[in-house]
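Here is how names work: the chains are called A, B, and so on, in the same order as the sequence lines, proteins then strands, and each is numbered from 1. Only this structure's heavy atoms are used, side chains among them; waters, hydrogens and symmetry mates stay out.
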There are 2 protein chains.
Amino acid sequence: MANLDVKKISNFFKTLSHPTRVLITLELLQEKRCVTDIGELVNLPQPNISQHLAILKAGGIVDWTQQGKTKCYFLKDPQLIENLFKIFK
Amino acid sequence: MANLDVKKISNFFKTLSHPTRVLITLELLQEKRCVTDIGELVNLPQPNISQHLAILKAGGIVDWTQQGKTKCYFLKDPQLIENLFKIFK
DNA sequence: TTAACATATTCGAATATTTTAATATCTTAG
DNA sequence: CTAAGATATTAAAATATTCGAATATGTTAA
């Protein structure tokens, strides 16, 4: 454990330090979703959701693909996220 | 995963969203340590370390015992922390 | 090309976190 | 009890985050 990158890890945690972002991440564990769908699940104004998605993207937790006129977000490493949240069960 | 407490989890992550607190947490994974020792390992002013320790305590990650005139901090759930950081290896 | 739908960006105000400096409290040896 | 070592608290300044409002950009169907 001594050789872990402390800054990288704390940034990872910071990315997930907001309830909305945890909620979105948990949703994406179920399946890939577009912004509108995420908006309905999370029930917040669209720009706010885009802001949180941008933070999750910058934190390396999600990525997206364009599908028609919608953007679909997905977890970059679902296994890691799965393992992460398993800890809290 | 659907029934996880999103607020509790995001608070947990927020507690670990600072490099100093991650570093302290990793140190405590090795062994229980008093504030002065932590100060030497982390190399920051003592009041700052006490502040971070207070945040870790409030976040439920550490606790302490009084040992003579020193306070010794330890992880409340070392197994959980161990599992958590194992994810990043 | 334009309209309409989908998503992103920008900015400012409000709020929260971090850091530093100063000081306070706690604990025990003497 | 007092002094000294160990740790905590407080306040203030600096910085970062969050949210809402307004607006901009991207995409496709027609």
Side-chain angles (χ1 to χ4, degrees), chain A residues 5-28 31-76, chain B residues 5-28 31-76:
Chain A
D5 185 334
V6 163
K7 191 119 189 199
K8 204 172 278 186
I9 292 176
S10 61
N11 277 331
F12 178 85
F13 289 142
K14 183 181 285 187
T15 302
L16 290 175
S17 69
H18 192 288
T20 298
R21 294 196 292 273
V22 168
L23 189 48
I24 291 173
T25 302
L26 283 170
E27 285 301 337
L28 294 182
E31 60 177 320
K32 180 189 275 203
R33 291 202 201 280
C34 77
V35 179
T36 304
D37 292 344
I38 295 170
E40 281 173 21
L41 290 162
V42 171
N43 199 36
L44 286 173
Q46 175 271 317
N48 195 358
I49 288 168
S50 279
Q51 287 166 335
H52 284 301
L53 286 171
I55 292 169
L56 287 167
K57 174 84 162 66
I61 290 180
V62 304
D63 205 345
W64 50 265
T65 51
Q66 190 82 36
Q67 300 207 345
K69 57 172 81 171
T70 75
K71 255 182 183 172
C72 292
Y73 280 79
F74 59 91
L75 297 176
K76 280 184 87 170
Chain B
D5 186 334
V6 163
K7 191 119 188 195
K8 206 171 275 183
I9 291 175
S10 61
N11 277 331
F12 178 84
F13 289 142
K14 182 180 285 186
T15 302
L16 290 175
S17 69
H18 192 289
T20 298
R21 293 196 292 272
V22 168
L23 188 49
I24 291 173
T25 302
L26 283 170
E27 285 301 338
L28 295 182
E31 60 177 320
K32 180 189 273 203
R33 292 203 201 279
C34 76
V35 179
T36 303
D37 292 344
I38 294 170
E40 281 173 22
L41 291 163
V42 172
N43 199 37
L44 286 173
Q46 175 271 317
N48 195 357
I49 288 167
S50 279
Q51 286 165 333
H52 285 301
L53 286 170
I55 291 170
L56 286 168
K57 174 84 161 66
I61 290 180
V62 305
D63 206 347
W64 50 264
T65 52
Q66 190 82 35
Q67 299 208 345
K69 57 172 79 170
T70 74
K71 256 181 183 173
C72 293
Y73 280 78
F74 60 92
L75 297 177
K76 281 183 86 169

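Of the residues in residues 31-48 of chain B, those placing a heavy atom less than 4.0 Å from an atom of DNA chain D are B/Cys34, B/Val35, B/Thr36, B/Gln46, B/Pro47, in numerical order. For DNA chain C, the neighbouring residues in residues 49-56 of chain A, judged by any heavy atom under 4.0 Å, are A/Ser50, A/Gln51. Within residues 65-73 of chain A, the residues approached by DNA chain C to less than 4.0 Å at the level of any non-hydrogen atom are A/Lys69, A/Thr70, A/Lys71, A/Tyr73, in residue-number order. Using a 4.0 Å cut-off on heavy atoms, the residues of residues 6-26 of chain A that approach DNA chain D are A/Lys14, A/His18, A/Arg21, listed by number.
Each salt bridge (charged side-chain N to carboxylate O under 4.0 Å, His left out) pair with one or both residues in residues 34-53 of chain A, not counting sequence neighbours, would appear here, but there are none. Pairs passing the side chain to side chain donor-acceptor pair (under 3.5 Å) check and including a residue from residues 41-66 of chain A, sequence neighbours excluded, read A/Arg21-A/His52, A/Lys32-A/Thr65, A/Gln46-A/Ser50, A/Asn48-A/His52.
In this structure B/Phe13 satisfies the ring-ring contact (aromatic ring centres under 6.0 Å, His included) test together with A/Phe13, A/Phe88, sequence neighbours excluded. With sequence neighbours excluded, the residues that form a side-chain contact (heavy atoms from CB on, under 4.5 Å) with A/Lys7 are A/Asp5, A/Asn11.
Rounding to the nearest 0.5 Å gives a distance of 11.5 Å between CG of A/Leu26 and CG of A/Leu41. B/Leu23 contributes atom CG, which lies 9.5 Å from atom CG of B/Leu28 (distance to the nearest 0.5 angstrom). If you take CG on B/Leu44 and CD1 on B/Ile38, they are separated by 11.5 Å, rounding to the nearest 0.5 Å.
The two residues A/Ser10 and B/His18 make their nearest non-hydrogen contact at CB-C, 3.6 Å. The two residues A/Pro19 and B/Val6 make their nearest non-hydrogen contact at O-CG1, 3.1 Å. Minimum heavy-atom separation, A/Val35 to A/Tyr73: CG2-CE1, 3.6 Å. Nearest heavy-atom pair across B/Lys76 and B/Gly60 is CD-O, 3.4 Å. The nearest pair of heavy atoms linking A/Gly39 to A/Ile49 is CA-CD1, 3.1 Å. The two atoms that bring A/Ile55 and A/Thr15 nearest to each other are O-CG2, 3.7 Å, heavy atoms only.
When DNA chain C is scanned in the 5' to 3' direction for atoms under 4.0 Å from non-hydrogen atoms of chain B, the outermost contacting nucleotides are C/dT17 to C/dT28.
Between B/Thr36 and B/Thr70 there is no side-chain heavy-atom pair separated by less than 4.5 Å. When side chains are defined from C-beta on, A/Leu75 counts as touching A/Thr25, because their heavy atoms get closer than 4.5 Å.
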